[in-house]
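Notes to accompany the following structure.
Values in this document were obtained by computation on a predicted structure and should not be read as measured data.
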Amino acid sequence: LVWRQHLDAACIQLGAKVCNRLKPSMRPSSYASTRQILELYAQSTFCVQPPGDMLARPGILDALSVGCIPVFLVADQQRLWPHFWEGSTASLLLPHYDAAWRRREAAMRISGSHEPYPNATEALLWLLSVPPANITRLRRNVRRAAAAMRYASRFPGDGDPDAFETLLCLIERVIGR
């Protein structure tokens, strides 16, 4: 929650031209709010996905499905679902956040103390400095990842494999051992 508060404050500071953000009324509690979230993701270049109780979040898949580049605070998020995507080629990792998250987790386990968070405004400004060529490459990889994570209504073998075909291949490999 604190990660989100820092990022939210940084978004407010940078202004609406730079940063779209989920407002409390848009939390996914209804179909209308889910639709608003997907529309917001679709209009955005980057979708910051801070960890919550778990590293995996539905928002990651939502972002991929509408072409928004996921931005992670923890490197382990890029390693989620390795059979379906190569997260490091279709997402970004905010500098300094991963190490800070690991130190905070360790400090909380040992002493219950908290370490300060990295500067969220600097992190968002770093995103604005990503070169257009890198954004183009990331978006191409996001499209591939989205295709691999969805269940398609098409015949197997037509184009890139979908989630079902990927699972079948994994099962074949395991059984074939």
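Here the shortest heavy-atom pairing between Ala123 and Leu94 reads O-CD2, 3.7 Å. Residues Ala90 and Pro70 approach most closely at O-CD, 3.4 Å, considering heavy atoms. Leu73 approaches Gln77 most closely through the heavy-atom pair N-OE1, 3.3 Å. Here the closest heavy-atom approach between residue Trp126 and residue Leu93 is recorded as CH2-O, 3.7 Å. Summarising the geometry of Leu80 relative to Trp85, their closest heavy-atom pair is O-NE1, 2.7 Å, with the distance given to 0.1 Å. When all heavy atoms of Leu64 and Ala146 are compared, the pair lying nearest together is O-CB, 3.3 Å.
Rounded to the nearest 0.5 Å, atoms CG (Leu38) and OG (Ser65) are 5.5 Å apart.
Side chains of Ile60 and Cys47 form no contact here, defined as non-hydrogen atoms less than 4.5 Å apart. Between Ile12 and Asp8 there is a side-chain heavy-atom pair separated by less than 4.5 Å. With contacts defined as side-chain heavy-atom distances shorter than 4.5 Å, the pair Leu125/Leu128 qualifies. A heavy-atom distance below 4.5 Å is found between the side chains of Cys19 and Leu124. Leu55 places none of its side-chain heavy atoms less than 4.5 Å from the side chain of Phe72. Between Trp81 and Leu61, the closest side-chain pair of non-hydrogen atoms falls below 4.5 Å.
In this structure a side-chain-to-backbone donor-acceptor pair under 3.5 Å is missing from Gln49 to Arg57. Proximity of a side-chain donor or acceptor of Asn141 to a complementary backbone N or O of Thr89 within less than 3.5 Å is detected.
There is no side-chain donor-acceptor pair under 3.5 Å between Ser88 and Gln78. Defined by atom type and a distance below 3.5 Å, a donor-acceptor pair is present between the side-chain atoms of Arg139 and Thr45. A donor-acceptor contact closer than 3.5 angstrom is absent between the side chains of Gln36 and Thr34.
Test Leu127, Leu138, Asn134 against Ile69 for side chain to side chain contact (heavy atoms under 4.5 Å, CB included) and you get one pass: Leu138.
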